[in-house]
Amino acid sequence: MSAAISLKGVSKGFLDGERYREVFVDFDLAVAPGEIVAVCGPSGSGKSTLLNLVAGLLVVDGGLLNLRHGGVDYPLHTLDEAARGAVRRRLVGYVFQFFNLIPTLNVLENVRFPLALNDRDDLLPQARERLATLGLADRLDAFPDQLSGGERQRVAIARALAHEPPIVLADEPTGNLDAGNSEQVADMLWSEVERLGCVLLVATHSEAIAERAHRVVELGR
Amino acid sequence: MTLIGLSFLRFFRRTPWTTLTAALGVSLGVASTVAVHLISLAVAGALSTVGLPHLQGVTHLAEREQASMDDYFALRRQWRNGKLPDVVRMTPIVEGYVVADGRRLHVFGTDWYAAPLRGMNSGLTSSGLTGSNVDYQPGAVVVDESVGLHAGDVLTVGANRWSVAASVSANLDGGVFADIGDALQLLDAPADRLSYVGVQVHDPFADLAALLEDLLPGLSAALPEQSSTLADWHLRSVAAEQPSVQFSKSVLFNLGALGSLALLVAWFLIYQICVMWLRRQRIVMERLVALGVGRDVLARYFYAAVAALGCVATVVGLAAGYYLAHFLTELSTAGFDSVPRIEMSVAVVLKAAFSGIAVALVGAWIAFRSRTHFFEAAVPGRSAVHWWLPVAVVLFAVGILVPQSGLAGGFMAILAASLVAAGLVAPLLRGVRQWVVRLPGSLLAKLAMREVTWFESDLGVAVGALVLAVATSLGVGLMIESFKADFERMLDQRLAHETFIDLAGQDGLVVAEALTRRFPDADVQAYGRLRARIEGTAVELGFTRFDAAESARYGHEHALAENEALVSESLTTALDVGVGDTLRIAGRELTIVHEFSGFGDVQPRLLVDNATAETLYGQLPFDRLSVAGVPSDALLAWFGERPGSSPRVQQRDAMRVIALEIFDRTFAITNALTLLALLVAVIGLYNAITALRLNQLATSDLLDALGVNRSEKRRVDLLRGLTIGLFAVLLALPLGLVMGAVLCQVINPRAFGWSIELQLSVPAMLWPLGLGIAAAVLAGLAPTPRERLGSG
Ligand SMILES: Nc1ncnc2c1ncn2[C@@H]1O[C@H](COP(=O)(O)OP(=O)(O)O)[C@@H](O)[C@H]1O
Ligand SMILES: [Mg+2]
């Protein structure tokens, strides 16, 4: 297995009231290192669920889910919550649609957070540089409630990439922004991801974003 | 429209934890008030059965210098002529001492023929006041049970014999009550002798006062005493004639105040929960308003739903209070002689209902008023300083600086200080935010610490309640600790003798003489006491051989010379005198040379040397002895061989142990009540932290996504609790010190007549502070029930 992310025969469902609803049945996906994959599909098709499975926030009901980095396999389907958390902390950077930032930490602190968790303060200069690239150099002391929507998403990108993880997950990262901001944020995400050479799995409704991806995975209902 | 009410009730059911804790908090608050009230009722019932037979129906005593019977008749003429319209009844009274059979008798004479003496049944009766009147019989007397005679017995004084018509429990040592003519003969006094006049003054508010006393036991002792005049006589409330009753009432009022603390904290809790509910119901309510439902209609249903909750809490609290009362009386008899009987009454039920429902409603009302601005617009940051801040400061100053405000004024000051401190919590939390942001630490630590100051709208009220509970615990603890230190010092001084003997009616001089004959090496000292009056105020006059050693026991360095007196603090307060001043007593002048504390005295006290007492009163009754230099078993054996009543022989060390044990038991109830308030505060804090966490679910999910593990999250919880605890404790410390100082220097002197030197005992401070922090940490670490937030 050389794929950075590989899902084989994955099934996942939720208890919806009394009824059990399948979201994934015998689902396969392999993402190569450095690949940018857009996950598309209507609401409720399982985009977020897929990202959460990869992040180890959810567990597969059946099948295999493996992450690979630095020649080591991380079979998430076999790991317990604590172990999955440890993998996620190191290998994954996550950007959500909203509520991306910790309200009580300022911009720099939010970005330093993954560095502190991974004990990688050596990456702080790079992180600061990235913040500057993202146009946030003079917003380092600002708190999230003092930022605009676009600024917040840019901080979220800086935070997701701070510890330079091999896998970046973005769940509708521009879903909450107007077209102009959307474009700008996507540009920045792409250029940073490409610079670091990490995998980007981006769930999106936006065709513009899907077009930028190396590959599109379409989820049905 | 009832649908709206139902929707509120249903909402309670969907947030079972919040509802349960709200009900629990109010229940505990009600239980605390009910328990203290039940105990107070039982004690007050016991107190009211103790009455002075000759003061039946009398409300005031009228006095003047050197009064004689002629003065009385002059006063009576004025009354008959309609000049004193408020007076309902008046009776002349003589009072004096006579020593008979080596027993000191305290004689009272009234117009028995005109107004019957009231004989109280001895012991406690269920309904309290069941005394029966004893009709006038010529040549008969009524005696206090301490005299040891019963109806039909004969009392011999000098050459005269008096038949005993009844024995009563008047709680007056050696009390003998007779018709005024007989009393003058008993006392061998001139026929125109008059001590004072008993007056019944019409009080239009008497019924109201009685009702208030039912609702707030001890209140009468808490209100400032008014002195007034009647013609050119000085008028004093009859309550001062029974200082032990006043003393107990003061204890009750203190307990009552402390018992309401849990209720006050519960009020914070219900307010905070109402705010939480309103916030969660906000969308539904906005929609209802959009549909045309009036805001007042919403409010009415909200109040009704909260009142329903208050009702449930009241019922539970009533039952819990009943058991708590039993528990507390077993824990401590708080200064009462017998364990009081706990009985439910209408007043208790009313008080419980009022406490539970009113507390819930007021909380709901304020919450609704302050938190439903969303109907109009978003509330900008409200100003930190409220109008009530200066009001509270003024109330505090008045309560402390104006002695006329009485015990109630002292508690008003404490309440004002508490509300100021609690009200400052949220603004302070906002204020320290900038400062907290600069604190160093790991990012997780910063996150935890900042959340406390960031979300003050979730935490403010609960932290305020915690501040209050911790501060009270601290203030009361400091007061008790300081009191104990003073008390122990006093014990060390006063219990300087090896053995102390209470002679139970035997003549001290006779016993002392016999003792020194049997044990020539013994060092025996006799003590006696008399009830006396200075400027109309009843005081206890103690006398013994006041050599330097005896003086030292009261902290005075020299032997007492003739006409020198030591006085208790309560005497200097009551008469507004100090060291160096002179007192007029029985027509002579005494100089005050020293003031002592007088802990435990129920009445102002002055001490003089035997020589001085003799010039004042002639033959002196001695009722106690101290003995040194005789082995205690030899002493006991000697007393055992003597005929007559058996005296109480107490060893110094045993007395010390007993005294301290009584002290600790007295305050056990206090500690239990502050702990209860702390418990309610913890419930409130738990609720607030739960609300904070629910409002921060997004952050929690974010931390998950970042790979923050469970132990790190626990650390955040711990640190958040610790920060809350530290903040609360930092505010509670000054408030607690203020409370301690007010308790020692204002409440105690006003309630009991002695002030306490506030000692900043570190262990006494660490305990409540540590408890406060532990409580906050515990509330922070307790698992959060996941109640749905949505409106759905
Ligand atoms: N935690 C959950 N509990 C129950 N059902 C869930 C949960 N998460 C997702 N689902 C269900 O799984 C399906 C896929 O959801 P999701 O992955 O969020 O879709 P998308 O992101 O494509 O809109 C939906 O039907 C949703 O209701
Ligand atoms: Mg989604």
Side-chain angles (χ1 to χ4, degrees), chain A residues 48 51-52 54-58 74 79-106 108-121 124 141-145 152 155-156 159-160 162-163 165 167-171, chain B residues 378 380-381 429-430 432-459 689 691-717 719-720 723-724 727 788-790 792:
Chain A
S48 301
L51 265 53
N52 285 338
V54 173
L57 286 165
L58 293 175
Y74 301 93
L79 300 180
D80 64 9
E81 194 188 320
R84 278 183 279 123
V87 172
R88 171 166 67 249
R89 173 193 289 229
R90 211 152 64 76
L91 302 193
V92 176
Y94 215 136
V95 181
F96 298 97
Q97 184 173 353
F98 26 58
F99 298 132
N100 260 305
L101 304 178
I102 297 167
T104 49
L105 299 183
N106 65 25
L108 186 62
E109 287 164 341
N110 261 290
V111 172
R112 269 185 47 211
F113 202 92
L115 298 183
L117 284 181
N118 288 293
D119 219 354
R120 290 296 306 269
D121 274 334
L124 189 57
D141 292 331
F143 284 89
D145 59 356
R152 273 181 224 172
V155 178
R159 208 251 329 270
H163 56 302
I167 298 170
V168 174
L169 305 174
D171 195 347
Chain B
L429 279 173
R430 273 196 295 275
V432 297
R433 197 180 291 172
Q434 343 252 322
W435 185 75
V436 169
V437 163
R438 285 190 213 115
L439 285 181
S442 74
L443 288 172
L444 282 174
K446 286 183 173 176
L447 170 79
M449 292 188 295
R450 288 179 193 176
E451 278 192 345
V452 177
T453 61
W454 234 266
F455 305 111
E456 96 281 347
S457 59
D458 284 326
L459 293 177
I689 292 177
L692 175 104
R693 283 177 170 171
L694 290 177
N695 289 335
Q696 294 304 304
L697 274 184
T699 302
S700 169
D701 289 347
L702 193 60
L703 294 181
D704 282 338
L706 287 164
V708 173
N709 61 38
R710 200 173 290 201
S711 78
E712 285 162 336
K713 283 186 143 184
R714 293 298 278 173
R715 231 162 34 213
V716 170
D717 288 340
L719 205 62
R720 190 198 292 123
T723 310
I724 293 173
F727 182 85
R788 269 184 297 162
L789 283 167

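Source: prediction; values computed, not measured.
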Side chain / backbone / both / neither for [X] at chain B, heavy atoms under 4.5 Å:
| X | answer |
| --- | --- |
| Leu105(A) | both |
| Ala116(A) | side chain |
| Phe98(A) | neither |
| Phe113(A) | both |
| Arg159(A) | side chain |
| Leu101(A) | backbone |
| Ile102(A) | both |

*Pick one: which of Asn110(A), Leu108(A), Thr104(A) meets side chain to side chain contact (heavy atoms under 4.5 Å, CB included) with Asn106(A)?*
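Testing Asn106(A) for a side chain to side chain contact (heavy atoms under 4.5 Å, CB included) against Asn110(A), Leu108(A), Thr104(A) leaves exactly one candidate, Leu108(A).
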[Y] backbone acceptor or donor facing [X] side chain under 3.5 Å:
| X | Y | value |
| --- | --- | --- |
| Arg112(A) | Leu124(A) | no |
| Arg450(B) | Val436(B) | no |
| His163(A) | Val92(A) | yes |
| Glu712(B) | Asn709(B) | yes |

*Do the charged groups of Arg693(B) and Asp717(B) touch, with an N to O distance under 4.0 Å?*
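Looking at Arg693(B) and Asp717(B), the cut-off is met.
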